[in-house]
Amino acid sequence: MNIYQITYEPNYRVLGLHFWGCNLFCRGCYKNYRTDDLSLPGSSVEQLKDAPRAKNPTRFLTLEEVLEKTEGLAPRDIFFMGKEASLDPELPLLAARLHARHKGFHTLLTNGVKLTDLSNIDEAVFGFKSASESVHREYTGLSNLGIMNNFKKVYQNGKKLQAEIAFIPNLVEEEEIGALAKTISEIDRKILFRVTSYFAVPGAPWPAASREQVEDAAAFARKYLDDVVTMASDSRDNSWKPEVIL
Ligand code: SF4
């Protein structure tokens, strides 16, 4: 499989499965500078702006190894996260095996470019990069045509859905975030929408977003949507202590 890291948070009983490989080329992708889960102790987003380029992972687990490494754990929530987990053809089978064993709640974090079999995924979180195609091309190198259609398809299939977008100063600001919120409101204004902060990385021209910028953009999105949160307003407390399983 494409899984290169497994993390587990025993207080919240959250298992994180980290997949390598992506079908976008975001200029601000922090995974180019830190491959480890950013919520691990000792990590800070401030370190990213001066970080050297990280080495790509070289060790990947088979499906059976993932099952074996996670056997003694009791996760209530399992996150399939990335880079882009949807690209792994064995994701549906792994999700089915984990559902059968733990009966937990499965969340897929995705950029939405490619849909996978979501039979054993309980909720999909689409990480949008922009509303407009031109900004998407500038930031990711590729068009965003198709992502919103995939979002609608998942919604129409009755799957739980969230949307999120990062505030990127001078690139993805209130206008872009508002336009995305408006489009999503035309599907269902009750869909949870999260505005997150961009973290500055070397080689990309944008500074880190401030909390005020994120909150202002979230307030703008609330003109269209009923359930808008920010990374700051739904972040976890100090009891969040994840461990690296592998
Ligand atoms: S979609 Fe996510 S993982 Fe992929 S390049 Fe963009 S930021 Fe990186």
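In what follows, residues are counted from 1 in the order of the sequence shown. Only heavy atoms go into these numbers, but all of them, side chains included; no hydrogens, no water, no symmetry mates. Numbering of ligands and ligand atoms starts at 1, following listing order. On a predicted model such as this, the values are computed, not experimentally measured, just so you know.
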Inset, instruction - At a cut-off of 2.8 Å, list the protein N/O/S atoms near atom 6 (Fe) of ligand 1, residue plus atom name. - result: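 Sorted hits: Cys26 SG.
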Inset, instruction - Return the orientation label for the Phe80 and Phe19 ring planes: parallel under 30°, perpendicular over 60°, tilted otherwise. - result: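 Tilted, since the angle between the ring planes falls between 30° and 60°.
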Inset, instruction - May I ask you to decide whether Arg97 forms a salt bridge with Glu64, counting only side-chain N to carboxylate O separations under 4.0 Å? - result: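 Yes, this pair counts.
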Inset, instruction - Would you indicate whether Glu133, at its atom CD, is surrounded by more than 12 heavy atoms from other residues, nucleotides or ligands within a distance under 6.0 Å? - result: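 Yes, the 6.0 Å shell around CD holds more than 12 heavy atoms from other groups.
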Legend entry - Ser86 to Leu91 - nearest heavy-atom pair and separation: CA-CD2, 4.2 Å
Legend entry - Minimum-distance pair of heavy atoms, taken over all atoms of Val214 and Ser197: CG2-OG, 3.5 Å
Legend entry - Side-chain donor/acceptor of Glu84 to backbone N/O of Leu87, under 3.5 Å: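 No; zero donor-acceptor contacts below 3.5 Å.
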